[in-house]
Amino acid sequence: GGTRPQPGQEVSVKVLGALEDGGLVERDPHLTFVPGHGDVVQALELGVPTMQKSEVAFFLAAFPYGYGRLGSQRCARREPDVPPEAPLLFEVTLLEVRDDPEAQPLPLAVRLCLGSQRRERGNFHFARGDFSAALVSYRLALRALDGPATASPGPEEGEELREQRVKCLNNCAAAELKLQRADEALASCEAVLRISPDNGRALLRRGQLLAQQGRDAEAALDLRRALELDPASKVIHAELSRLVNRRSPPARA
């Protein structure tokens, strides 16, 4: 008879996760996330919204809803690694349900922490080849960083905020390229360069994308500036050579 979490609400749960042999792989007394944001495994994303507050539930998750075909390496933790294609049993207690706090002003330190956590989650998805999930995480990281803060940032916080936004936007561009979304990748590169005009990674990517569109003069400007910033880069040398060869008329006999 109780209410269940609604879309966009944040939940806090106590979670234990174990392998078939009983080995513990997850232990978190107060895990907080928003279902649908991709911050946790699919078993929790799909299972927790079916629960009521204070309910205890057991979810037996086939490997696609846990850590997938690759499993998970957890060298920094006491729990054992999750083997490839391992089913998992989760014991979950729903502790709290509340409206998404990100719509409200938050301390900038909290926003920076949220942004970093979601970017790292995106990197996890990217490394496993799930570029769509990675892109969702990177965009959610930007949403966390761009939300209202309780106070204006100081010089150090402002610089960290800019650095995190640049990293997230560059990662968005990388995921968008993997998904063959060239226009979106170009927009992400341009967003990076509005914040950091001499960002070499964004200059290289924008030069490559402009060259693909036949905008050779603009591409050459970006690639030459990227080369000034990183003269030893073989990738930039190769891109510039390809562009010059394409623009040069064939030699006459």
Side-chain angles (χ1 to χ4, degrees), residues 1-18 24-68 72 79 82 87-126 128 130-151 153 157 161 164-165 167-169 171-172 175:
T3 58
R4 294 180 171 85
Q6 300 301 304
Q9 288 189 309
E10 185 179 68
V11 300
S12 292
V13 299
K14 176 184 176 182
V15 60
L16 295 172
L24 195 65
V25 296
E26 293 284 348
R27 181 198 288 116
D28 197 321
H30 203 272
L31 174 64
T32 299
F33 65 97
V34 178
H37 280 193
D39 292 330
V40 294
V41 297
Q42 281 288 298
L44 300 181
E45 290 269 9
L46 299 173
V48 171
T50 72
M51 299 176 64
Q52 300 169 20
K53 187 177 178 181
S54 301
E55 180 180 350
V56 181
F58 292 87
F59 301 120
L60 180 59
F63 73 85
Y65 301 94
Y67 286 91
S72 178
E79 292 85 350
V82 180
L88 296 172
L89 177 64
F90 290 97
E91 177 189 318
V92 184
T93 306
L94 180 54
L95 303 173
E96 190 175 359
V97 180
R98 54 189 171 273
D99 291 335
D100 184 359
E102 287 186 42
Q104 306 299 320
L106 293 175
L108 190 56
V110 174
R111 292 209 169 273
L112 289 168
C113 183
L114 281 171
S116 179
Q117 288 174 349
R118 290 178 178 174
R119 180 170 52 81
E120 289 173 5
R121 186 67 181 175
N123 293 343
F124 171 81
H125 292 310
F126 194 98
R128 298 162 71 87
D130 191 346
F131 305 118
S132 294
L135 184 57
V136 168
S137 292
Y138 295 143
R139 289 177 173 172
L140 288 168
L142 286 168
R143 176 189 167 194
L145 295 170
D146 292 341
T150 53
E157 288 181 322
L161 184 63
Q164 282 212 36
R165 292 190 75 246
K167 289 178 181 178
C168 289
L169 287 164
N171 289 356
C172 281

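Note that the numbering runs from 1 along the sequence shown for the chain. Since the structure is predicted, the reported quantities are computational estimates derived from the model, not experimental observations.
The distance from atom CZ of Arg119 to atom CZ of Arg165, rounded to the nearest 0.5 Å, is 13.0 Å. In this structure, OG on Ser54 lies 10.5 Å from CD on Glu96, to the nearest 0.5 angstrom. In this structure, CG in Asp130 is found 9.0 Å from OG in Ser137, a value given to the nearest 0.5 Å. Of the inter-residue distances, the one linking Leu88 atom CG with Leu60 atom CG reads 9.0 Å to the nearest 0.5 angstrom. Taken to the nearest 0.5 Å, the CG atom of Leu135 stands 11.0 Å off from the NE2 atom of His125. Atoms CG and CE, on Leu95 and Met51 in that order, are 9.0 Å from each other to the nearest 0.5 Å.
Taking each heavy atom of Leu106 and Val110 in turn, the nearest pair found is CD1-CG1, 4.2 Å. Nearest heavy-atom pair across Gly115 and Ala141 is O-CB, 3.5 Å. Contact record, Val41 with Gly66: CG1-O, 3.5 Å, taken as the closest heavy-atom pair. Of all heavy-atom pairs spanning Ala144 and Leu114, the tightest one is CB-CB, 3.9 Å. Taking all atoms of both residues into account, the shortest heavy-atom contact from Pro49 to Pro5 is O-CD, 3.8 Å.
Between Tyr138 and Phe126, the two ring planes are tilted [angle within 30° to 60°].
Listed for the Glu10 side chain is no donor-acceptor partner under 3.5 Å among the backbone atoms of Val34. No donor-acceptor distance shorter than 3.5 angstrom exists from the side chain of Arg121 to the backbone of Ala133, with no hydrogens or angles considered. A side-chain donor-acceptor contact under 3.5 Å links Gln164 to the backbone of Ser116.
Judged as a side chain to side chain donor-acceptor pair (under 3.5 Å), and not counting sequence neighbours, the contacts of Thr32 are Ser12. Applying the side chain to side chain donor-acceptor pair (under 3.5 Å) test to Arg139 and every residue at least two apart in sequence or in another chain returns Glu176, Glu184.
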| query | Could you walk me through whether Phe33 and Gln117 pass the side chain to side chain contact (heavy atoms under 4.5 Å, CB included) check? | reply | CA-CA 11 Å; Phe33 65 97; Gln117 288 174 349; over 6 Å; no

| task | Given side chain to side chain contact (heavy atoms under 4.5 Å, CB included), test Thr3 with Lys53 step by step and report yes or no. | result | CA-CA 7 Å; Thr3 58; Lys53 187 177 178 181; over 6 Å; no

| said: Is there a side chain to side chain contact (heavy atoms under 4.5 Å, CB included) between Val56 and Val92? Walk through the geometry before answering. | reply: CA-CA 6 Å; Val56 181; Val92 184; over 6 Å; no

| field | Check against ring-ring contact (aromatic ring centres under 6.0 Å, His included), Phe90 and Phe58 | value | CA-CA 6 Å; Phe90 290 97; Phe58 292 87; over 10 Å; no

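Residue pairs that meet the salt bridge (charged side-chain N to carboxylate O under 4.0 Å, His left out) test with at least one member in residues 32-41, sequence neighbours left out, are Asp39-Arg118.
Atom OH of Tyr65 has 12 or fewer heavy atoms from other residues, nucleotides or ligands within 6.0 Å.
With Val97 as reference, Gln9 is the one residue of Gln9, Gln52, Arg4, Gln6 to meet the side-chain contact (heavy atoms from CB on, under 4.5 Å) rule.
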